[in-house]
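Down below is the structure, laid out as structure tokens.
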Amino acid sequence: MKEEITGIIKCALNSLKKQWEIKDLPDIEVEIPKNEAMGDFALTIAMRLTKLLKKNPRAIAEEIVEKINAEELELFDNIEIAGPGFINFRVKKEFFCKGLGQLLEEEHSSLRTDLGKGHKVQIEFVSANPTGPLHIGHGRGAAVGNALCNILKAAGYDVQREFYINDEGLQVKLLGESVFARYLEICGRDDEFPEAGYKGDYIRDIALALHAEAGDKYAGTFEDNGGPVTDYAYKMMLVNLEKDLRDFGVLFDNWQSEKEMHVQGKVTDAIDALNSKGLIYEKDGATWFSSSQFEDDKDRVVKKQDGQYTYFASDISYHKEKLDRGFDTIIDIWGADHHGYIPRIRSVLEAFDLPKEKFTVILIQMVSLLRNGEPVKMSKRSGDFITLREVIEEVGADITKFVFLSKKADSHLDFDLGIAKEQSSENPVFYIQYAFARISSIFKQATEKGSSLPAGRQGGDLSLLKEAEEMSIIKKLSQYPLVFEGAAISCEPHRITYYLQELAGVFHSYYNKHRVISDDAKLTAARLSLCMAVRIVLEEGLKVLGVSAPERM
RNA sequence: GCGCCUGUAGCUCAGCUGGAUAGAGCAACUGACUUCUAAUCAGUAGGUCUGAGGUUCGAAUCCUCACAGGCGCGCCA
């Protein structure tokens, strides 16, 4: 529907272009007016042209509308100019019904687009260190990343979901030392626990598992046995990470190991590649990358005086790797506490000739965990913190995901366990799911009463839908593509969350005022069709958000 | 000290990248279950968009400066 409107406008503008003697036109933006009385769709193009043409926006709007009148007009009840220069379209009911018919016929495929044209995009998210369980912040990243992947896939991109494993370096070594210390305890040897070691119970669990498998085999020095113990520990952590994420409904296509890149010599290769571009130099016994030639405010060390690569060197290699694997667009989802690293990574990608706009970082702001308004105390040092798994077990995966998807990523978020679990009215996820369940129930009822489902799906005469609430639903349904496209372009899944609440809202109103199933067979069929359309859109929306759509509640 | 994010109804948040009379949910108040699920609906009330300037036809949105909260500024990972 949006295409039809922009198409008509484009046509009108093209013929006006010569007369106005301008070359470029601003983007044609279709908006949904705030107030339904204003119309169904609104265009701001006239106001956008004021500066270019140096004319009154209303006058421009009039010129445009005049041109449109010359074109075909059978799609609209009226087109009027309002306010400072809006062009408001009131769409003919038949046109809306045509859209509804198409939705019923093509179902989910009509809700997806080819915006991405098969371009390869890689989205890296979560990427938690395999040294501890996932916490609530990781959950937020997982929920947003997962939804974004789903959205971009539905928008025609070739999406790869990736988890980057920091399995090289001190943190992993510390994990190994921590497990080793617990392991010795189990073997009856009380050694000193590493000062900065991980103290959580999961460390002991790993040690126990190791002991069950290997007995006292490694009960020597860390120098002799640290390797296999560390290996065992981090592999087990990975398995747990993968399981936690899977139970949260989040799957990855690829798990990229940092260690592997080192082993394969890719880190060295990447630095060499920069070197051949003249972007590497030696100073003070260290090796530096001239990131300040790009976005960064200073140069960064890639290889320390002691000859070890820095973590940043791995990052360089990893982002080069992303390019080498042929991705057109790279999206990194990070915790907001890493925002300071954006300029240097941006510099790396620019050094490797990736255009600026092809790299996006989405920052996930901090989550504060509360219980009935009181902050939940968390201390990573003592290992005393609530894990993502515990949150999911307590409040459920759907609610958890939904809470994360109902706010934009870069604003702080309070996650109240008490509210999430108990006061269901504060959880709009139920509101949406309930609408879906009600529709399912209607169909069940209809089947029992003999109104056949196929009639509900396609057979209804949509022109019988005359109630104001029915029109509200039809209009709301027609807005999905607009909302969906906006969510995809801006990488903002929460827009779909809000839309679904609105759609559920107009449906609930309708449900309370009118009966779908009645003695009037034709009307029943038409209304069942409408319900089916709502069902399809709700299902599609929930699916991309990664939230379930239960038939019954 | 420098940088980034945030500041909108009592609370939690939207506000479609500069548009029309700033919107939802919760909480409060008034009503609606003999009827396809009341996890719902109808209605009332609730605002100096943190503050001060600026940019223009037009600002919650953009620019500057304050104020408040959060997070970063390593040859750590």
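This structure is a prediction, so every number in the text was calculated from the model and none was measured.
One interatomic measurement links the two molecules: CG of A:Leu370 to P of B:C26, which rounds to 20 Å at whole-angstrom precision. Rounded to whole Å, atom P of B:G70 lies 13 Å from atom CG of A:Asp414. At whole-Å resolution of the value, CZ in A:Arg438 and P in B:U35 are 13 Å apart.
Between the side chains of A:Arg552 and A:Ser440, not a single donor N or O lies within less than 3.5 Å of an accepting N or O. Side chains of A:Thr268 and A:Tyr309: a donor on one and an acceptor on the other come within 3.5 Å.
Using N1 to N3 plus N6-O4 or O6-N4 for Watson-Crick, or N1-O2 and O6-N3 for G-U wobble, each under 3.5 Å, B:C71 pairs with B:G3. The base-pairing partner of B:U12, taking Watson-Crick or G-U wobble contacts with both distances under 3.5 Å, is B:A24.
A:Asp167 contributes no side-chain N or O that forms a donor-acceptor pair with the base of B:A77 under 3.5 Å. In the interface, the side chain of A:Tyr341 is paired with the base of B:A77 through a donor and an acceptor atom under 3.5 Å apart. Judged by distance alone, with hydrogens and angles left aside, A:His412 brings a side-chain donor or acceptor within reach of the base of B:G69, the pair sitting under 3.5 Å.
Under 4.0 angstrom from either OP1 or OP2 of B:G15 there lies no side-chain N or O belonging to A:Lys407. The phosphate of B:G15 has OP1 or OP2 within less than 4.0 Å of a side-chain N or O from A:Lys408. For A:Ser509, a side-chain nitrogen or oxygen approaches OP1 or OP2 of B:A42 to under 4.0 Å.
Residue A:Gln305 is in base contact, counting any heavy-atom pair closer than 4.0 Å across all strands shown.
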